[in-house]
Protein chains: 2
Amino acid sequence: MNAQTILRLPTDPHISRARTTHTHRDGHGVPRNRLRFAPHEHLFFQGDPPTGVFQVVSGTVILYKLMADGRRQIQDFSSVGDFLALTFADVHNFSAEALTDVEVDFIVQASFDRALQENAAFRQGIFTLMGDMLNASREQALLLGRKCAMERTATFLLFLDSRFVDPVTGFVDIRMSRCDMADYVGLTLETVSRMMNQLKRQGIIELPQSNRIRISDRKRLIAAAGEPDEAEYASVVGY
Amino acid sequence: MNAQTILRLPTDPHISRARTTHTHRDGHGVPRNRLRFAPHEHLFFQGDPPTGVFQVVSGTVILYKLMADGRRQIQDFSSVGDFLALTFADVHNFSAEALTDVEVDFIVQASFDRALQENAAFRQGIFTLMGDMLNASREQALLLGRKCAMERTATFLLFLDSRFVDPVTGFVDIRMSRCDMADYVGLTLETVSRMMNQLKRQGIIELPQSNRIRISDRKRLIAAAGEPDEAEYASVVGY
DNA sequence: AGAACAGGTTGATTTGCCTCAATTCTATCT
DNA sequence: AGATAGAATTGAGGCAAATCAACCTGTTCT
């Protein structure tokens, strides 16, 4: 990771500039506070004690861990519907930062715990979500542990496409820097840039601007990702 | 990964040689079948449809994913008390193989689901376990994405120590090959061997036999793992 | 318009880990 | 004890990705 990231220790005080827009109850009667965060604001930091749970309403949040010397590993991108901070530990062990403008609902821990006890459907949803997060994390471990630079990059582009593609144009607006991408796939930003431009030169993706891509040859991109074939890939990503 | 692993496709038939020793009910009245597996037998394969849940009674099980060309990423080691195959998907997306002699209790899916619905304490335990698995997987992602060979190896030895140390002798019997270790930390077996022997030469660990270690200088091992200090490390591993 | 800046791309060089190969160690079998 | 086999260690060389550095592009500010 990278010079521009300010090293932040768990004990630093921090002032959340989140703005509460309104308070309401969801379909299960659980009270929620709608909050807004601007890009680069933190929902919470590694080391903070958890006070409740967030559900993303719009925008995307990155979850990451930092090493003492500033190396960063991004662990997940949370977007609409995802829950954050589902922890039973006494401190958060990763940080959550708004990548874009973000709206989230905050549910205080006691309300969340009550809903989990009393509402079977809610509970089932949380279980499924935790299972999905675990799968995603283990898929990332395979990528980080055993894939080469091109495979990592291609896999990541398929991931972006599956989650953020505009269904009418087929384009993905990449709302993150090369550095963010690199910190997810465990490479440097230069290597990510090289791999993307190589895919462009090979006619596998279109890259009209640096943060806008479209997959023009999905089969070859899947092959470049190290997946045996499309059917197999679909089962991995789950679409 | 490595020549000696036989590539196994999800569709291959397989005969489980597991032996049922007896059937009983646990404290919650959930029916369980006690099964035994010998080293290298599989509890299930990636691609199999899940039929229930396993809880490890003794021994250790490795969870891993395989790529089409045989590259392997080990994702977790399950030992006493751990649950396996907690999935809501229609197929397993990793394989589970006995590393040692293993005893597990098998709980059919319907019984498990019922216990989850009806028993709050059981449910809480499962939630906590899923949270722990997610934390472990994300910690592994940091290791794989951002740590160098020595840091990975040192981190792994600390992990082994925290889970498998003999409290009286202080030794850890490593019940896996260098290849298994390498496939967990995303290196080759040769690199793992080099790093371990380097730690031995530096007097940080004792290595009287290739599969038996003791940490003789924990502070330096923690430093080699890239953790800022012991307190921080303890909070990461959770002891 | 020009300056300043941030992000992205591209090139040259270095390096850490992998690969391939040889040797040693340990356990098992006869 | 000697033979054999599997695993671990050690060494030499190669290569993929990191590092370091220059340049380009687009945007904001004056």
Side-chain angles (χ1 to χ4, degrees), chain A residues 1-6 39-40 67 69-73 99 143-157 173-202 205 207-213 224 226, chain B residues 1-6 39-40 67 69-73 99 143-154 156-157 173-202 205-213 224 226:
Chain A
M1 110 90 351
N2 304 289
Q4 62 264 43
T5 302
I6 295 114
H40 299 299
M67 291 179 65
D69 59 4
R71 279 175 285 176
R72 182 176 66 151
Q73 179 63 48
L99 184 65
L143 178 149
L144 294 170
R146 289 301 180 218
K147 289 191 175 183
C148 68
M150 178 53 82
E151 291 171 332
R152 295 182 196 202
T153 307
T155 304
F156 185 68
L157 294 179
D173 281 307
I174 302 177
R175 299 176 172 288
M176 69 185 80
S177 66
R178 292 288 179 271
C179 176
D180 291 332
M181 297 176 62
D183 282 346
Y184 183 83
V185 299
L187 299 169
T188 59
L189 62 94
E190 293 95 330
T191 301
V192 170
S193 177
R194 279 183 243 273
M195 296 302 135
M196 288 182 66
N197 284 287
Q198 188 176 326
L199 288 169
K200 179 187 182 179
R201 279 193 301 278
Q202 295 173 338
I205 63 170
L207 190 60
Q209 301 140 51
S210 68
N211 53 357
R212 193 171 162 73
I213 66 152
Chain B
M1 109 107 345
N2 306 291
Q4 61 264 46
T5 302
I6 294 115
H40 301 297
M67 290 178 65
D69 59 4
R71 280 174 284 177
R72 182 176 67 151
Q73 179 63 47
L99 184 66
L143 177 150
L144 294 171
R146 289 302 182 218
K147 289 190 174 182
C148 68
M150 180 51 83
E151 290 171 332
R152 295 183 196 201
T153 307
F156 185 69
L157 293 179
D173 281 307
I174 301 178
R175 298 175 173 289
M176 69 186 81
S177 67
R178 293 286 179 272
C179 176
D180 292 332
M181 298 176 63
D183 282 345
Y184 183 83
V185 299
L187 299 169
T188 59
L189 64 93
E190 293 94 333
T191 300
V192 170
S193 176
R194 280 182 242 274
M195 297 300 136
M196 288 182 66
N197 283 287
Q198 189 176 325
L199 288 168
K200 179 187 183 180
R201 279 193 301 278
Q202 295 173 339
I205 62 171
E206 294 164 65
L207 189 61
Q209 301 139 50
S210 69
N211 53 356
R212 193 171 161 73
I213 67 153

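Labels below follow one simple rule: chain letters A, B, ... track the order of the sequence lines, proteins then strands, and each chain is numbered from 1.
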Report task. State which of C:dC17, D:dA8, D:dT10 makes the closest approach to the side chain of B:R178. Result -> D:dA8

Query raised in the report: Could you give the CE-to-C1' distance, from B:M181 to D:dA8, as a whole number of Å?
Result: 12 Å

Query raised in the report: Can you tell me how far the CD1 atom of A:I205 sits from the CG atom of A:N197, to the nearest 0.5 Å?
Result: 7.5 Å

Report summary line: When rounded to the nearest 0.5 Å, the distance separating CD of B:Q198 from OG1 of B:T191 is 11.0 Å

Query - Spacing of A:M150 atom CE relative to D:dA16 atom C1', expressed in whole Å - result: 12 Å

Query - Selection from C:dC17, D:dA18, C:dG8 that lies nearest to any side-chain heavy atom of B:A149 - result: C:dC17

Query raised in the report: Taking all non-hydrogen atoms of both residues, which atom of A:L207 and which atom of A:K200 are closest, and how far apart?
Result: O-NZ, 3.4 Å

Requested in this report: Starting at CZ of B:R146, measure out to CG of A:L144 and round the result to the nearest 0.5 Å.
Outcome: 8.5 Å

Report summary line: Between the CG atom in A:D180 and the CZ atom in A:R175, the distance rounded to the nearest 0.5 Å is 13.5 Å

Query raised in the report: For the pair made of CG in B:N197 and P in C:dT24, what is the distance, rounded to whole Å?
Result: 15 Å

Heteroatom pairs (N/O) under 3.5 angstrom, protein to nucleotides 11-13 of chain C:
{"unit_1": "C:dG11", "atom_1": "N7", "unit_2": "A:R194", "atom_2": "NH1", "d": "3.0"}
{"unit_1": "C:dG11", "atom_1": "O6", "unit_2": "A:R194", "atom_2": "NH2", "d": "3.1"}

Report task. Find the distance A:K147:NZ to C:dC17:P and express it as a whole number of Å. Result -> 22 Å

Requested in this report: Answer yes or no: is there a side-chain heavy-atom contact under 4.5 Å between B:M150 and B:L199?
Outcome: yes

Report summary line: In this structure, CZ of A:R178 is separated from OG of A:S210 (nearest 0.5 Å) by 5.0 Å

Query - Phosphate contact (D:dA18 OP1 or OP2) by A:T188 side-chain N/O below 4.0 Å - result: yes

Query raised in the report: Whole-Å distance between D:dT9 C1' and B:Q209 CD?
Result: 16 Å

Query raised in the report: Of A:R71, A:R152, A:R72, which meets salt bridge (Lys or Arg N to Asp or Glu O under 4.0 Å) against A:D183?
Result: A:R72

Query raised in the report: If only atom types and distance count, is the side chain of A:E151 paired as donor or acceptor with the main-chain N or O of A:C148 below 3.5 Å?
Result: yes

Report summary line: Separation of C:dC18 atom P from B:D183 atom CG, nearest Å, is 11 Å

Query raised in the report: With respect to the phosphate group of C:dC17, does any side-chain polar atom (N or O) of B:T191 fall under 4.0 Å of OP1 or OP2?
Result: no

Query raised in the report: Bend angle of the helix from C:dA1-D:dT30 to C:dT30-D:dA1 from five-pair axes at both ends, rounded to 10°?
Result: 30°

Report summary line: Atom CG of A:L187 and atom P of D:dT19 are separated, to the nearest Å, by 11 Å

Query raised in the report: When rounded to the nearest 0.5 angstrom, what is the spacing between CZ in A:R212 and CD1 in A:I174?
Result: 10.5 Å

**Report entry** Nearest listed nucleotide, side chain of B:R201, among C:dT9, C:dC17, D:dT10
**Finding:** D:dT10

Query raised in the report: Nearest of C:dG8, C:dC18, D:dT10 to any side-chain atom of A:S210?
Result: C:dG8

Report summary line: Atom CD of A:E151 and atom P of D:dA17 are separated, to the nearest Å, by 9 Å

Query raised in the report: Phosphate oxygens OP1/OP2 of D:dA7: is one of them under 4.0 Å from a side-chain N or O of B:N211?
Result: no

